[in-house]
There are 2 protein chains.
Amino acid sequence: MKSNRSVTSKDVAKLAGVSQSTVSRVFNPNSNREVKPDIKEIVLDAGKKLGYKPNIIARGLVSKKTNMVGVVVANPIGPFYSKIITELTSKLQQNGAQPLIFTLEDQEDIQKIIDKVLQYQVDGVIITSSALSVEMADECIENDLPTVLFNVYKNHNKISCIYSDNRESGRMVAKLLVDTGHKNIAHITYKKQAFTIVERKQGFYEELKKHGIEYIIEESCDYTYEAGYEVGLKLIQKKNIPDGVFCVSDVIAMGVIDAIKNESDLKIPEDIAIIGFDDIPQASWKSYDLTTIHQPVELLIDKSVDALFKLINKTSTEDIIEKISTEIVIRQSTRNIKK
Amino acid sequence: MKSNRSVTSKDVAKLAGVSQSTVSRVFNPNSNREVKPDIKEIVLDAGKKLGYKPNIIARGLVSKKTNMVGVVVANPIGPFYSKIITELTSKLQQNGAQPLIFTLEDQEDIQKIIDKVLQYQVDGVIITSSALSVEMADECIENDLPTVLFNVYKNHNKISCIYSDNRESGRMVAKLLVDTGHKNIAHITYKKQAFTIVERKQGFYEELKKHGIEYIIEESCDYTYEAGYEVGLKLIQKKNIPDGVFCVSDVIAMGVIDAIKNESDLKIPEDIAIIGFDDIPQASWKSYDLTTIHQPVELLIDKSVDALFKLINKTSTEDIIEKISTEIVIRQSTRNIKK
DNA sequence: CTGAAAGCGCTTACAG
DNA sequence: CTGAAAGCGCTTACAG
């Protein structure tokens, strides 16, 4: 009953009076050779007595499958991605793979991380960090490693991408603002370039242009509440204060809201409407009640994991591309009707 | 230059005209045998030409060190633990170990997870899920696996624990409420038992008792904003509305605050003071500005990782126990002076 | 300093 | 259905 990490199949074989091969077959769920039930029983008993557990590392070496999946994440990350990591991780485990996390620090050498991912012999990898993900994906694929880009799209055959429709989301926000009578509009974007961010912005600008709005106040900042607060202050000090603000993330939008509430007499949404992006849990908290774009996180995760396993199991040899629709969630930070 | 996952040390040896042992020595940072510089050069060149990267799994099998550390987390988790996972993960990687995540789902069999942790041959494990962590730690230690309990304390020699002083934190909250003249006090706790939660509560009750306060309104709920909101509604419907509320977590406290703001005329902090626990980023957001106990997350993480590596490297053979002090952060959800 | 060889704990053809 | 044997890609005594 006493278990021990150093018990091997050889020990079990000796106790059970069978060959080591037989022990292997009994404990290997993927073995194609069946073992006679009575022998199986004896082996299982011996295994239990010794506390035997197959060594997955050794198995991985010969079977070329480690049942580990690499998950590449950026650090630092906000609440949106934190939640994604946890859920992605859980979903992978449900699919029988253990997630091995690789953190891409702000100034870290991306090549070092790629090498590590490759060295650990993971069965596949999901890359969630949009910053440099395409470069990374390229190299993983060159090495025949099944790879899925999470929330990034790159038109390059062989790279699988599961992403939400950021461009259309931007358009939806623009439509809402136009429909509720806004003319003087601001956009707060992220100060670094990233696929999702650029798409949101382009969709937003395109749609506004279609409705004759060409002049847009643009600010950029970090992906934090504090940065949003700062930008909020800047906005209310302008001669020409916007009456509708689309923020590239909820966290930023919340900073903007608090800046307006605390440092001006402007009313939200009567004087100024605020829209975010992501629909993090805090967006629905009463103090913010933020109109925002809901990213279907669960669907993105499910599709990404499914896609990855299709690639791993060679159920699909093509790259898998899926664009997921978002929804706009109207709450109290925007007006319902034309003013 | 073209790298390939299937290039082995044998291939490099052939190209470089040396033995496979020599290649191994060149690429193994821990090799104690030095290789002559000129030969080293040749081998390195050959390696680069073929895109050789040592197979960490194979290395792990023989060296008995995988450079992977298990991290056990519960699912679902709130923003406090999400952040911890990300930072813990990053810190482990900085220390040269890749984190392998094991998620303990709500109703999942804990034994299955323990077996997996053991099977993956991790060098050590950090257990962050307080729910069943002690049972798990016991078994890991029985298997000679270096183990650290994160934010849990269990008096049982051999289990290392790094945790913040929940009991003293509870006392600090009680003192603050007493000092600012509160008499009619409520405590909102988590509906499940867990070490951290129970300690907070006991410290809080002890200290209140010391000051003659024995009657405390007690409610319990889930670890979410929504649950906090519900409880908040309950509180303001009482005949005897408390004037000071200590919530077991910030997320719950924020729900309570919003319930009070939206569904009553009570003023915070004049009529009712709210105190949280954790000091998550949102606690400092202006709409909440929550007085709370700051858990020194970074310190907890640093100490936990340090402790784990001491156990792994056998720098310490004793179990390592550290209780970390917290601080109370006074913001606008409590009054400053005796009313 | 370098190489031949054994071995880490498994899986998996190959025989029987 | 079962066993003996080769081999996965490394590390590491052991000789030289």
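Side chains included, hydrogens not; waters and symmetry mates left out as well; all remaining heavy atoms used. Convention: sequence-line order gives letters A, B, ...; per-chain numbering from 1.
Each side-chain hydrogen bond (donor to acceptor under 3.5 Å, both in side chains) pair with one or both residues in residues 295-307 of chain B, not counting sequence neighbours, appears once here: K91(B)-D302(B), N151(B)-Q295(B), S164(B)-Q295(B), D278(B)-Q295(B), K303(B)-E322(B).
Contact check for I57(B) versus T66(A): side-chain heavy atoms found under the 4.5 Å cut-off. Counting heavy atoms from C-beta on, the side chains of V69(B) and L308(B) come closer than 4.5 Å.
Listed by residue number, L61(A), V62(A), K64(A) are the residues of residues 55-66 of chain A with a heavy-atom contact under 4.0 Å to DNA chain D. Heavy-atom distances under 4.0 Å link DNA chain D to V18(A), S19(A), S21(A) of residues 13-21 of chain A, given in residue order.
No side-chain donor-acceptor contact under 3.5 Å links E139(A) to the backbone of I114(A). Between the N28(A) side chain and the R25(A) main chain, no donor and acceptor come within less than 3.5 Å of each other.
Counting 5' to 3', DNA chain D first comes under 4.0 angstrom of a heavy atom of chain B and last does so at the ends given by dG9(D) to dA13(D).
For the residue pair E318(A) and L311(A), the shortest heavy atom distance occurs at O-CD2, 3.5 Å. Pairing each heavy atom of T86(B) with each of S82(A), the nearest pair is OG1-OG, 3.8 Å.
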D115(B) vs Q111(B), side-chain hydrogen bond (donor to acceptor under 3.5 Å, both in side chains): CA-CA, chis, key distance, verdict
CA-CA 6 Å; D115(B) 286 351; Q111(B) 188 61 48; 3.1 Å; yes
Quiz prompt | Pair Q94(A)-S90(A), side-chain hydrogen bond (donor to acceptor under 3.5 Å, both in side chains): steps then yes or no | solution = CA-CA 6 Å; Q94(A) 283 167 40; S90(A) 154; 3.2 Å; yes
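More than 12 non-hydrogen atoms from other residues, nucleotides or ligands lie less than 6.0 angstrom from NZ of K158(B). In E41(A), the CD atom is not crowded: 12 or fewer heavy atoms of neighbouring residues, nucleotides or ligands sit closer than 6.0 Å.
Taking F309(B) as the reference, nothing meets the ring-ring contact (aromatic ring centres under 6.0 Å, His included) condition, with sequence neighbours excluded.
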DNA chain D in dot-bracket form (Watson-Crick or G-U pairs under 3.5 Å, [ ] crossing, | inter-strand) is |||.||||||||.|||
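Contacts of T22(B) with the nucleic acid, taken as non-hydrogen atoms under 4.0 Å apart, involve only primed sugar atoms and P, OP1 or OP2.
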